[in-house]
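Below: the structure, in structure tokens.
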Amino acid sequence: MNRVLVTGFGPYEDEADNPSGEIARRIDGARIGGYDVIGRVLPVDTEAVRNVLEEAIDATRPKVVLVTGVAPGRAAPALERVAVNVRDFPIPDIAGRTPVDRPVVGDGPDAYLTTLPVKAVVEAWRAAGIPGYVSNTAGTYLCNQTFYLARHLSDHTSARAGMLHIPALPTRATEMGSPPPPSMSLDALEQAVRLAVSTSVLHVGPDLRVGGGAIS
Ligand code: PCA
């Protein structure tokens, strides 16, 4: 079966309505580019996230894993290029944990590059009138951790894995001071996620390591 796993996150800190989780719920059950999409909402919990992600991957055996999360302040959707083996949290997770300079996986490589076709996705966004870019840091919080885990868990499989950060919703941006940070509507963000999926499935195949591999 040809399946794509798209994850978003639930609430954390000031992000009560996390648009990444809402989009994962919206596209669960969709069919994109001949692939069945499974959408799952992950907890912003540094201890629980690995099991929840691993169970979702085991249950769905996806060809593509796309981790998404919100990054308030970013101007546009961003495909992340690299996941680092570092948890250095700027804010606590939902259980109040704030790891400092801890690895994601104790004996894991220092970093993984994405195996998603990030430049092709940005090009697809551009063609659809959606601004977007390739980012060179996913930070050191839950999104980086989950991106790292998605790559680690699919490293010796044929699955491609990567991470997409999305900007805040307009409702959230209005709360965030003056001038407010950039924002995009939920519909536009969902379209960006759908295009990331439809472009990524075109690149499923044996040339997995093009644009990706472990650095250590
Ligand atoms: N964004 C956070 C974690 C959960 C989310 O949606 C991040 O960028 O790490």
Side-chain angles (χ1 to χ4, degrees), residues 5-28 39-54 56 65-105 108 111-112 114 116 118 121 132-153 161-173 175-176 181-186 188-190 192-194 196-197:
L5 176 63
V6 176
T7 71
F9 281 102
Y12 67 101
E13 282 283 295
D14 296 332
E15 311 311 318
D17 298 310
N18 193 327
S20 68
E22 185 55 32
I23 292 167
R25 272 190 288 269
R26 276 190 180 203
I27 68 170
D28 181 41
R40 289 285 179 273
V41 182
L42 304 177
V44 182
D45 180 319
T46 191
E47 298 299 328
V49 74
R50 178 172 178 149
N51 277 351
V52 179
L53 179 69
E54 202 161 2
V65 182
L66 178 63
V67 174
T68 75
V70 68
R74 295 227 189 169
L79 264 314
E80 297 295 346
R81 191 193 299 272
V82 60
V84 294
N85 194 10
V86 174
R87 290 179 299 151
D88 194 42
F89 285 7
I91 52 174
D93 73 0
I94 56 169
R97 301 185 201 91
T98 313
V100 174
D101 294 340
R102 305 289 304 154
V104 175
V105 174
Y112 286 106
T114 186
L116 295 185
V118 291
V121 174
Y133 62 105
V134 175
S135 160
N136 294 314
T137 175
T140 53
Y141 191 49
L142 254 299
C143 285
N144 171 74
Q145 177 182 353
T146 310
F147 175 17
Y148 186 96
L149 289 170
R151 277 290 284 107
H152 191 70
L153 294 169
M163 203 256 139
L164 165 55
H165 261 127
I166 57 176
L169 294 175
T171 44
R172 175 76 181 105
E175 300 167 351
M176 289 177 70
S183 62
M184 280 174 68
S185 73
L186 193 61
L189 294 173
E190 181 182 342
V193 173
R194 284 176 172 269
V197 171

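Counting starts at 1 for both ligands and their atoms, following the listed order.
Side-chain N/O atoms of S135 and R74 include a donor and acceptor closer than 3.5 Å.
Remark: Y12 engages Y141 in a ring-ring contact (aromatic ring centres under 6.0 Å, His included) (not counting sequence neighbours). For E190, the side chain to side chain donor-acceptor pair (under 3.5 Å) test picks out R26, R194, with sequence neighbours left out.
What you find for G8 and A24 is that their closest heavy atoms are N-CB, 3.6 Å. Of all non-hydrogen atoms in H152 and G108, the two that sit nearest each other are CE1-CA, 4.4 Å.
Protein residues with a heavy atom under 4.0 Å from ligand 1 are F9, Y12, N18, S20, V44, G69, V70, Y141, L142, C143, H165.
The salt bridge (charged side-chain N to carboxylate O under 4.0 Å, His left out) pairs that include a residue from residues 90-100 are D45-R97, D93-R97, where partners are two or more places apart or lie in different chains.
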